[in-house]
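Throughout, a chain's letter reflects where its sequence line sits, starting with A, and its residues are numbered from 1.
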Amino acid sequence: MHSDRGTSRRVPTGLILGVVLVALAFTVRALSPAFAGWGLPDRAQDTITLALSVIIESAPFVFLGILLSTVVQVWLPHGFITRFLPRQPVLRRASISLLGMFFPVCECGNVPLARGFMVGGFTVPESITFLLAAPILNPVTIITTHQAFGFSDGILITRIVAGFVIANVIGWLYSRHPNPDSLLTRTFSASCAVPDAPGDEHLGHEGHGHAPGRRPGRIERSVDLFTRETAVIMPALFIGSLIAALTQVFVPRSVLLALGSNPVWSVLAMMALAFIVAVCSNVDAFFVLSFGSTFMPGGIASFLTFGAMIDVKMLALMRTTFTTRALVQITALVALMSAAAGLLVNYVA
Amino acid sequence: MWRKGTSRTAVPRQDRQHLSRRDKLAGYLAERWRGIGLSLVIVVATIWLGVTGQLGLYIHPRYFIFTTVMAVLGLAFVVASFIFRTPAAREPESEGSPSAGRRTLVLGGSALLLAVAAVTVLALPPATLTSATATQREVNSGGLDSEAAASDAAALVGNGDYERLSVKEWVSLLAQSEDPALYADKTAKITGFVLPDAADPENVFYVARFVVTCCAVDAQPIGVAVYQPGWQADYDTDDWVQVTGTFVSNPSVRSADTLAVLPTTIEPVDQPSDPYVY
């Protein structure tokens, strides 16, 4: 950091410290069941189990998202991805909404990836388009949705088309915004402004964050990025999962299920369910399949469209990057268009 | 402990900026260790669950390999982050960033979150879901891919080996047909946890399991109704039992289930190592 002398000499100290901490964590984990038996009340216990299941399920995708984001920011040449995209804004966003085909990360992993894209030259509306489209327009989601529903009731087609349209319409709307950067949180704008990652070599100046005379290597920059991204994403993941778990434990699901056979209510109830269960878009088709007999197809289609883009956990994750105001707008827009898609299926199809 | 390890390297040698040393340290500690600390907690827990075969308490088996591999990779990054110290340098750069009070607050919040996470994730014993969640989600209202489950069940029925049918398979058979004649000569031997029937809790309980499609958060309770007046004297909700008996028209007038098992034996059993069904 400020004094560069001794960096290499201290490496072993840090490594040893890290290894000791990890070993300590493993020891605590391995020994603690022996001292357990503090019987928690069922609801508290279930809240923990549910929150933990979301975290354990999502964390690998978050790590994968951060790693891919690191590849984009540190290992690929600057502008590598933007180079292949059309320049015309509408076509450009349309192409971006298909990028998920090459980055089949779950939606939680998309947040760090989208952050990486923004640092790497995407505009704010473009990254919103990516963030909304990628959970639906990716091979894993399409395959699992097809496995679950085939082509019955137009559910698969509705999901794909609605995902594409919603992401592009919202991207277009925000491209009309006079100052799209104001949609970002201050902290994230600041980190975009620090050209620490991709610009370094090309612009030929020293990164701001580093002492003169020493430029960190790629591995070091990757680890640095991991540290900074997890500092932002992991708290959001933990808090979002806790909120999702609390909602699960305290809001009876039967209330929602009672609404299943009405064309309008089935759509709204399924969107509410999607919002609170926060299942990954890769597998939500299997989850919602079990409601197929209770709910009308439009409700299912809305669930699959809305839930992939927005839910409690995603909002917590997206809040790391976007202002609350922007998220309220995006959520409202996605909800309205998803509901429209569902109603269309219920009344027309 | 993580604080002790870092403070030595964190404090700038001399104050070059208007922010006080303490504020910078607060901001630095939060930014530098919050994500790494939480990642460490979750990767250690994941790897431990994987090694001890308990990941199934939280996620579907199809994710076991991916989750474990990513956790090991995450662990490598966590350890590597202890080697490099560059992130420290970035913090004092952010001029016009949060005020001193805000920084201290952020550090306090981060430390609290990390402490809570460490205790709940690393110190509490892993647990399966309880009936508290089951009562929030209507029994047999979903969770089964009924066609696939029914064809599995049909295959087993073909063998005539009814005692091998699980809760899941009986539930999917019952979803196909509730004709008492079909079940008259068949003995069920099923294992699950005790879940009172909301409509008639004195006389009927379910031998229940959770069906998981992705992770425990989407668990749906399924169950076979058992008619046993006064069962509460012998069993508690959430006890794991093995029930043997035959199907009859449900004598309970309030219960919504047409058929119920009239038990010949109810034996307490240990919770299976894989409590969920998929």
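Annotation for A:M234 and B:G35: closest pair CG-O, 4.1 Å, computed over non-hydrogen atoms. Shown here for B:F77 and A:S222, the closest heavy-atom pair between the two residues is CE2-O, 4.1 Å. In terms of heavy atoms, B:S81 sits closest to A:V223 at CA-CG1, 3.4 Å. Considering every non-hydrogen atom in both B:G74 and A:F226, the closest pair reads O-CZ, 4.1 Å. The two residues B:V121 and A:R29 have their closest heavy-atom pair at O-NH1, 2.8 Å.
Only the side chain of B:T46 comes within less than 4.5 Å of a heavy atom of chain A; its backbone N, CA, C and O stay farther away. Looking at B:T52, there are no atoms closer than 4.5 Å to chain A (heavy atoms on both sides), in backbone or side chain. Both the backbone and the side chain of A:F63 have a heavy atom closer than 4.5 Å to some heavy atom of chain B. Within the 4.5 angstrom heavy-atom criterion, atoms from both the backbone and the side chain of B:L129 approach chain A. Only the side chain of B:I42 has a heavy atom closer than 4.5 Å to any heavy atom of chain A. Neither the backbone nor the side chain of B:V212 comes within contact range of chain A; no heavy atom of the residue lies under 4.5 Å from a heavy atom of that chain.
Using a 4.5 Å heavy-atom cut-off against chain B, the contacting residues of residues 47-57 of chain A are A:I48, A:T49, A:L50, A:L52, A:S53, A:V54, A:I55, A:I56, A:E57.
Annotation: maximal heavy-atom pairing with chain A below 4.5 Å, among B:A76, B:G37, B:A127, B:G109, occurs at B:A127. Top candidate by heavy-atom pairs under 4.5 Å with chain B, chosen from A:L242, A:V19, A:V232, A:V22, is A:V22. Contact count against chain B (heavy-atom pairs under 4.5 Å) is highest for A:P235 among A:P235, A:P41, A:A59. Chain B forms more heavy-atom pairs under 4.5 Å with one residue of A:L67, A:D284, A:L237 than with any other, namely A:L67.
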Task: Evaluation steps, side chain to side chain contact (heavy atoms under 4.5 Å, CB included), between B:F82 and A:L21 - done: CA-CA 10 Å; B:F82 282 85; A:L21 269 184; 3.5 Å; yes

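Using a distance-only test at 3.5 Å, with no hydrogens or angles considered, no donor-acceptor pair links the side chain of A:D42 to the main chain of B:T130.
Atom CZ in B:R34 sits 12.0 Å away from atom OG1 in A:T227 (nearest 0.5 Å). One distance of note links OG1 of A:T230 with CG of B:L38; it measures 8.0 Å at 0.5 Å rounding.
Taking the six-membered ring for Trp and thresholds of 30 and 60 degrees, B:F66 and A:F61 have ring planes inclined between 30 and 60 degrees apart.
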